Structures are given as structure tokens and as C-alpha cells.
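Have a look at the structure below, then the notes.
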Amino acid sequence: MTVAGASVIGLAGCAGEEDPNGDTGGTDIGNGDDSAGNGDGPEEGDEELIWTCTSESSSTTISIQGIAPVVNDATEGIYMEGRPSEGTGANMGRLDRDEAQVAYTQNFDATRVPHEMEPFHDLDFELNEVMHWLTTPWLFITPHEELDSIADIEPDHRVSATQTGAGTRDNLEMALDYVIDDYDDVSVDFTQQSGPFQEGSLDVGVVPIMNFEIEGAYAEEQKSIVDLHVLEWPDDAVAELEDDPLVEMMEIDAGDLEGYASVPDQQPMMTPGNAYNFVTRNDVDYDVLYDTLHAMWDHRDEYGDIHALMTYHQDAEHWTDFPYPEVPYHPAAADFLEDIGAWDGAEGGRADE
């Protein structure tokens, strides 16, 4: 599957952006909701709308917890709350147990749910889409100038496709399997690669480019310590990956990136990526979800004060960027998107009420 993205421009580390996705849940659908929420709690008679996000310090959790009080002040009888979680895989379990009504996920899991693929083969709800949140093409990077391509990786090269437990790791390793048969599979948090690169204990790592434009401050630090080179994906593997519904291949102009020792000559280039969206159960109350989304949209001018990444949601088209083709939109979300003029960008259609 292929999606085309904007050129990478105006790159700068986001203040406080230490973990852009906070996605450490892997494929475990989770065993309980042990994380604290935000706010003073619902008043008697309020309809709760719990949004389960990612790690507590992630941009997503911070943003949703910043939005919730705004929505609660703007609506009657609705209590929205953002809660951190151990990751996107665990969020499906929370939806299933009604510990949350809206959940943060990525395309790898969202594709496996309707096909009842493990570990999502025994869920008791119909998955519906709500809105697009964040897109991250993943670049594979190395300090070794003799490595130009993913195909150059040898069995003794130490490769970390994000850290063990990250929801994106399985997805990126699936993409690697299209190109190479063997490598030394290690686990390094992509925000903490500077030391391992410098020490020689990591040969190939990854970096996400958020919404095709933003690198975290950790990426700037890594480039200042080690000369890093961006690896290209072979054309034959890209052609195969584009046909795999579990992998998103994204187009990005790495030539616009600053600070790398080298990037592939042919630009723009293709690389695996993830679309992070919010989803829900089909049985979530129409009015509660519809009114919440409208309150979020009506107060979009305030988003920049919550988190820089939220400024993208001031554009209606961003709400339907990178939808999940096999997941229909909740009726409330579909009507909301029609109201703001974004429905033309949606895929998957409208779910039955």
C-alpha cells in the first residue's frame, strides 16, 4: 500500500517531544486499565467518553488530556478524559472491555482487526474509525557510510527497528523481511540511539518524521554526535511492499532533511510508515461522540497552546488524512466530517447505526 506525503520542510526538534508516538504496547491487547486520568472526574449524569492514548509523556496523551477540559467546558452532560496506556495493541483490549470508548491505534493493528488476525481474533465489537491523528514515515539510519541500502545489511549488523514492545516494531520488521534474510536483531529505544551508535553496539536504527515535517529533539542530538546516513529501499522490495495491506509505504523527500551525512540520490524515496488514528466501537453513543468531535473542531484555534503537533488539526483535511480503507467510520464521525467538509478524503465508508 502506498501513500504520498508532503516534502519535509522546516524541521526542528519539538520542545518536550521525547517520544512522538509513545507506542510501547506491541501486540498485547492489554489486561487492565491501571493508569490515572485527568480532570476532576464526571459529574452525576455525565456520559463518559474515555480516550485511551499511549505513554504518559507522549505527544498524543498530552494533547488529548489538554483537549478534554476544553470539550468538557463546551458541552453539556459529556465528560471526556484522556488516559495513557501501554500502547496501541493494549488499546484494542480496552475497547473490548469497555474501559475506553475511543482508542489510539495504527494501521498495522487496524488492518488486522477486521481480518480477525491474532491477537485480535476474539474481539467482541465492530471497529469504527473516528479521525486521523498523526503520520510517521520511518527512516532507517546508520553511522556506516558503506551502507547505502537496506539490502546492504549483513547477518552480523545490529539492527533495531524500534525497541522491543513498541507497536511499530513488528510492522517494520515485517518490511525488513522483504529485503534481508538475517541480521542481529537488537532492541534500542529510537530516542536513545546516540550512545549505541557511538559505541558501535548499533549499526542500523530508525527515526520517525512526524507528519512528514517534524523530527524530535532526540534526532537532532543523534545527528550532532554521529554522522548518520539514510538508507534506501530497493525498488523490487518496494513494489512487493506496496501490495501488502499490512504495510504502508510512504513517499518522503529526504533531500529536504537537514543534518544527515547522506541521503539516497533518488528523491523522493519510499519508506515504511504508520498512520496513527483514533478508532471506536460501533455501539458508542452517537450524540456523545458527535458533540465531542464538534467541540474539538470548534476550539481548534486553541490547539497550538496545547501542543505544536495539534496545529495540523486546524485544517479540516487533516482529520481524514491516511484513513483505514477496511474500517468504516462511526456514523457520528461520518456526519461530523461531512459538516466540516472533510468527508471526501475519507475511505472505508460509513458504518451502520
Side-chain angles (χ1 to χ4, degrees), residues 1-2 5 8 20-21 23 26-27 106-108 136-209 215-216 218-219 221-223 225-244 246-255 257 259-274:
M1 182 181 302
T2 305
V8 185
N21 303 309
D23 187 8
T27 57
Q106 27 79 4
N107 55 281
F108 186 45
T136 56
W138 290 88
L139 300 180
F140 280 75
I141 54 176
T142 179
H144 303 302
E145 61 180 350
E146 68 272 17
L147 298 182
D148 297 319
S149 167
I150 298 294
D152 294 333
I153 296 174
E154 299 288 345
D156 61 344
H157 284 133
R158 288 152 293 198
V159 180
S160 177
T162 74
Q163 65 273 22
T164 298
T168 53
R169 183 178 173 95
D170 290 346
N171 204 193
L172 294 178
E173 288 187 334
M174 176 183 290
L176 286 173
D177 289 343
Y178 274 85
V179 185
I180 50 179
D181 294 326
D182 192 20
Y183 56 90
D184 188 355
D185 193 359
V186 300
S187 175
V188 177
D189 188 323
F190 64 86
T191 69
Q192 304 294 325
Q193 295 174 143
S194 299
F197 275 141
Q198 194 171 30
E199 297 160 4
S201 59
L202 179 65
D203 297 305
V204 178
V206 294
V207 64
I209 309 298
E215 290 181 296
Y218 51 83
E221 176 193 4
Q222 291 171 22
K223 288 183 288 186
I225 294 174
V226 185
D227 287 340
L228 292 175
H229 307 265
V230 177
L231 299 179
E232 68 178 353
W233 286 79
D235 291 341
D236 55 348
V238 168
E240 292 184 72
L241 285 162
E242 288 174 333
D243 292 331
D244 190 333
L246 292 176
V247 180
E248 291 275 7
M249 293 300 290
M250 298 182 175
E251 183 180 88
I252 185 170
D253 193 341
L257 289 163
Y260 287 98
S262 71
V263 300
D265 292 336
Q266 187 171 343
Q267 295 296 331
M269 61 177 285
M270 303 300 296
T271 194
N274 288 107

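This structure is a prediction, so every number in the text was calculated from the model and none was measured. Starting from 1, each residue takes its place in the sequence as its number.
Between the side chain of Glu154 and the backbone N or O of Asp156 there is no donor-acceptor pair closer than 3.5 Å. For the pair Gln193 (side chain) and Val188 (backbone), a donor-acceptor distance under 3.5 Å is absent. Not a single donor-acceptor pair under 3.5 Å links the side chain of Glu248 to the backbone N or O of Gly273. A distance-only check finds no donor-acceptor pair linking the side chain of Thr142 to the backbone of Val204 [under 3.5 Å]. Not one N or O on the side chain of Asp148 forms a donor-acceptor pair closer than 3.5 Å with the backbone of Glu232. With hydrogens and angles ignored, the 3.5 Å screen pairs no side-chain donor or acceptor of Asp243 with any backbone N or O of Glu240. Side-chain atoms of Arg169 come within 3.5 Å of backbone N or O of Thr162 as a donor-acceptor pair.
Heavy atoms only, all atoms of each residue included: His229 and Ser262 are closest at ND1-OG, 2.7 Å. Between Tyr218 and Thr191, the shortest heavy-atom distance links the atoms CB-O, 3.6 Å. Contact record, Tyr178 with Asp244: OH-OD2, 2.7 Å, taken as the closest heavy-atom pair. Closest heavy-atom contact between Asp170 and Phe108: CB-CE2, 3.7 Å. Minimum interatomic distance between Ser187 and Thr164 (heavy atoms only, all atoms of both residues): OG-N, 2.8 Å. The shortest heavy-atom contact between Pro143 and Leu228 is N-CD2, 4.0 Å.
Among Asp185, Asp184, Asp203, the one residue that satisfies the salt bridge (Lys or Arg N to Asp or Glu O under 4.0 Å) test with Arg158 is Asp203.
Annotation for Glu145: atom CD does not count as buried by contact number, only 12 or fewer foreign heavy atoms lying within 6.0 Å. Counting non-hydrogen atoms of neighbouring residues, nucleotides and ligands closer than 6.0 angstrom, the CG atom of Asp235 reaches no more than 12 such neighbours. The environment of CG in Asp227 is sparse: at most 12 heavy-atom neighbours from other residues, nucleotides or ligands sit within 6.0 Å.
Using a 4.5 Å heavy-atom cutoff, the side chains of Pro272 and Asn171 are not in contact. Side-chain contact between Val226 and Ser194: absent, with no pair of heavy atoms (C-beta onward) separated by less than 4.5 Å. No side-chain heavy atom of Asp152 sits under 4.5 Å from any side-chain heavy atom of Glu146. Here the side chains of Val238 and Glu242 are in contact, with some heavy-atom distance below 4.5 Å.
For Trp233 and Phe140, the distance between ring centers is under 6.0 angstrom.
If you take CD on Glu173 and OG on Ser160, they are separated by 8.5 Å, rounding to the nearest 0.5 Å. To the nearest 0.5 Å, the span separating CG on Asp177 from CG on Leu172 amounts to 11.0 Å. Atom-to-atom distance recorded for Leu202:CG and His157:NE2 is 11.0 Å, nearest 0.5 angstrom. Atom CG of residue Leu176 and atom CG of residue Asp181 lie 11.5 Å apart, to the nearest 0.5 angstrom. Here the CZ-CD1 distance, from Phe197 to Ile141, works out to 4.5 Å after rounding to the nearest 0.5 Å. Expressed to the nearest 0.5 Å, how far CD of Glu215 lies from NZ of Lys223 amounts to 3.5 Å.
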TODO: For Ile209 and Leu257, run side-chain contact (heavy atoms from CB on, under 4.5 Å): C-alpha distance rounded to whole Å, both residues' side-chain angles, the deciding distance at 0.1 Å, then the answer.
DONE: CA-CA 10 Å; Ile209 309 298; Leu257 289 163; 4.0 Å; yes
Task: Step-by-step side-chain contact (heavy atoms from CB on, under 4.5 Å) determination, Phe190 to Thr168 - done: CA-CA 11 Å; Phe190 64 86; Thr168 53; 5.8 Å; no
